[in-house]
Participant: 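Before I ask anything, here is the structure I am working with.
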Amino acid sequence: PADSLLPLADEHRQDLQAAMLQVKAAAEGLEAAWGGYFPSISLNLTRYLYRESFPDDVDWTGLIQIDLPIFSAGLVHANVRTAYSRLRQAHLAESGLRRMVLRELRVAFA
């Protein structure tokens, strides 16, 4: 019967909810770290909007920026490994907290 109270504890205990949200945040951080392997294109419109004339060739270089992570693969790999580590730590913290809550429920039920 104490095990059947665990879903109720998931719903109402703020520490369990915070641990679950921390796992979600770590998973999102891992996805962001994986995104470092892909090229990115950024468009700087603030520089263009403050001008009164059409930009020439020199101005286009400051307007559009392309980032190819050719030489930063080691740094990106380290960021991915760090994100995996944070995700594992969040899972372990949630698992430990869940075991503690279950133990407290069993003691309170007894």
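Please read all numbers here as calculations on a predicted model, not as lab measurements. The residues of the chain are indexed from 1 along the displayed sequence.
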Participant: Please answer whether the main-chain N or O of H91 pairs with a side-chain N or O of S95 as donor and acceptor at a distance below 3.5 Å.
Facilitator: no
Participant: Check L68 against P39 and note the closest heavy-atom contact, atom names and distance.
Facilitator: CD2-CB, 3.4 Å
Participant: Establish whether M100 and L105 are linked, either directly or via other cluster members, by ILVMFWY side-chain heavy-atom contacts under 4.5 Å.
Facilitator: yes
Participant: Please report the interatomic distance CE(M20) to NZ(K24), rounded to the nearest 0.5 Å.
Facilitator: 7.5 Å
Participant: If you take all heavy atoms of A9 and V101, which pair is closest and at what distance?
Facilitator: CB-CG1, 3.9 Å
Participant: Please report the interatomic distance CH2(W34) to NE2(H77), rounded to the nearest 0.5 Å.
Facilitator: 8.5 Å
Participant: G29 and A83: which non-hydrogen atoms are nearest, and at how many Å?
Facilitator: O-CB, 4.1 Å
Participant: What heavy-atom pair brings P69 and D67 nearest, and what distance separates the two atoms?
Facilitator: CD-O, 3.7 Å
Participant: Any chance you could measure L6, atom CG, to R106, atom CZ, to the nearest 0.5 Å?
Facilitator: 9.0 Å
Participant: May I have all residue pairs that pass side-chain hydrogen bond (donor to acceptor under 3.5 Å, both in side chains) and include part of residues 7-17, sequence neighbours excluded?
Facilitator: D10-R98, R13-D15, R13-E104
Participant: For A90 and V23, work out which heavy atoms get closest and say how close.
Facilitator: O-CG2, 3.5 Å
Participant: Does one hydrophobic cluster hold both Y37 and L30, with members joined at side-chain heavy-atom distances below 4.5 Å?
Facilitator: yes
Participant: Please check if F38 and L75 belong to a single hydrophobic cluster, counting links between Ile, Leu, Val, Met, Phe, Trp and Tyr side chain heavy atoms closer than 4.5 Å.
Facilitator: no
Participant: Check A27 against L87 and note the closest heavy-atom contact, atom names and distance.
Facilitator: N-CD1, 3.7 Å
Participant: Mind running side chain to side chain contact (heavy atoms under 4.5 Å, CB included) on E94 and Q22 for me, showing each step along the way?
Facilitator: CA-CA 9 Å; E94 181 191 14; Q22 189 173 7; over 6 Å; no
